[in-house]
2 protein chains.
Amino acid sequence: MKNSQLYKGSLNTIIMKLLEENGKMYGYEITQKVKLITQGELNITEGALYPALHKLEAEGLLDVEIEKVDNRMRKYYKLTETGHKETVNRLSELEDFIRNMQSLVNPKPSLEF
Amino acid sequence: MKNSQLYKGSLNTIIMKLLEENGKMYGYEITQKVKLITQGELNITEGALYPALHKLEAEGLLDVEIEKVDNRMRKYYKLTETGHKETVNRLSELEDFIRNMQSLVNPKPSLEF
DNA sequence: CAAATATACATAAGTTTCTTATACATAATA
DNA sequence: TATTATGTATAAGAAACTTATGTATATTTG
């Protein structure tokens, strides 16, 4: 996605969160949305995105709907019911993760001084 | 490290931050410290930790100092000068990462309402 | 006292997730 | 007319991990 390794493992959660928010999205749209939200800092590559979408679909978390817009193909993805439930878990894990990382980076000062 | 994939890619940064804070630490100590700080949520496995330490050492970011305590070997690691400089960069990247992930999870409400 | 747990390091095989490169196709812009 | 933008896809390889195993000593528990 970017130079920083930190984003490794977070792509699925990002995709699912965006789909929960926007109902349905297509791949290219996801890359642009992420670029916008992160002000250009996070660029999802196709080589990461499409396999991830296919896998989430294979796992039954996403449904696909193909449309043709301006003579170009679009594959819209949306969360299945299972996908919705799983998204709740993933976001909860993400919050824990962020909290833990902040504890590590910004530890509470020792009580002895 | 744990069930959640999110921690993937953050191990090096965690190690370097802890070393910056504590001067020198040995492997097992790092695992226990992380467990403590995250209240048991993040358990670094040896299979992840030791290769990571060896790689950071090979990259010239860490120095090693072997000690024998209670008849048991300990390999203390500490940041080199280069390692200190690199830690600053990594922590800055981590802050950007956390900020971006929070923007994705908790987007600013639209101005139109 | 024996067995299990804690301390301490290490590596090898396999999996997952990503990067990099390539491929195809149409629309819009320079 | 050539490049950029839009849109999807896959294959080869790298990187970071999990899981399993191995070695060794110290401490605690039954």
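Chain naming here is simple, since letters A, B, ... match the order of the sequence lines and numbering starts at 1 in each.
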- Query: Gly27(A) near the nucleic acid: base, sugar-phosphate alone, or nothing, with a heavy-atom cut-off under 4.0 Å?
  - Reply: sugar-phosphate

- Is the shortest distance from a Lys or Arg side-chain nitrogen in Arg99(A) or Glu95(A) to a carboxylate oxygen in the other one below 4.0 Å? no

- Message: Output the rounded distance in Å from CE (Met25(A)) to P (dG7(D)).
- Response: 12 Å

- Test item: Asn106(A) side-chain N/O and Gln102(A) main-chain N/O as donor-acceptor pair under 3.5 Å: no

- Query: Reckon His54(B) has a side-chain N or O less than 4.0 Å from the OP1 or OP2 of dC9(C)?
  - Reply: no

- Rounded interatomic separation in angstrom, taking OH from Tyr26(B) and P from dA8(C): 4 Å

- Message: Could you check whether atom NZ of Lys75(A) has more than 12 heavy atoms from other residues, nucleotides or ligands sitting under 6.0 Å from it?
- Response: yes

- Item | Presence of Asn71(A) side-chain N/O under 4.0 Å of dA27(C) phosphate oxygens OP1/OP2 | yes

- Message: By nearest heavy atom, map Leu49(B) and Glu46(B) onto DNA chain D; which one lands nearer the 5' end?
- Response: Leu49(B)

- Give a yes or no answer on whether the side chain of Asn43(A) reaches the backbone of Gly40(A) with a donor-acceptor pair at less than 3.5 Å. yes

- Query: Are OP1 or OP2 of dT8(D) and a side-chain N or O of Tyr50(A) less than 4.0 angstrom apart?
  - Reply: yes

- When rounded to whole Å, the CG to P distance for the pair Leu53(B) and dC17(D) reads 12 Å

- Message: I need the NZ-C1' distance between Lys35(A) and dG7(D), as an integer number of Å.
- Response: 13 Å

- Query: Tell me: CD1 of Ile44(A) to C1' of dT6(D), nearest whole Å?
  - Reply: 16 Å

- Query: Contact class for Lys68(B) (heavy atom, under 4.0 Å): base, sugar-phosphate, or nothing?
  - Reply: nothing

- Please determine, for the side chain of Gln5(A), which listed nucleotide (dT20(C), dT10(D), dA16(D)) has the closest atom? dA16(D)

- Item | Spacing of Leu6(B) atom CG relative to dT17(C) atom C1', expressed in whole Å | 13 Å

- Query: Which one, dA16(D), dA8(C), dA10(C), comes nearest to the side chain of Arg74(B)?
  - Reply: dA8(C)

- Can you tell me the distance, in whole Å, between the CD1 atom of Ile15(A) and the C1' atom of dC18(C)? 12 Å

- Message: Using the side-chain heavy atoms of Leu11(B), tell me which of these nucleotides is nearest: dT10(D), dC17(D), dT17(C).
- Response: dC17(D)

- Item | Among dA8(C), dT8(D), dA27(C), the one nearest Tyr28(B) by side-chain distance | dA8(C)

- Message: So if I take every side-chain heavy atom of Pro51(A) and compare against dT10(D), dA10(C), dA26(D), which nucleotide ends up nearest?
- Response: dT10(D)

- Query: Starting at the 5' end of DNA chain C, which residue's closest nucleotide do you reach first, Glu29(B) or Lys55(A)?
  - Reply: Glu29(B)

- Side-chain N or O of Arg72(A) closer than 4.0 Å to phosphate OP1/OP2 of dG7(D): yes

- Message: Can you confirm whether Lys33(A) is buried at NZ, in the sense that more than 12 heavy atoms of other residues, nucleotides or ligands lie under 6.0 Å from that atom?
- Response: no

- Message: Closer than 3.5 angstrom, by distance alone: can the side chain of Thr80(B) be matched with the main-chain N or O of Gly60(B) as a donor-acceptor pair?
- Response: yes

- Query: Whole-Å distance between dC18(C) C1' and Lys8(B) NZ?
  - Reply: 9 Å

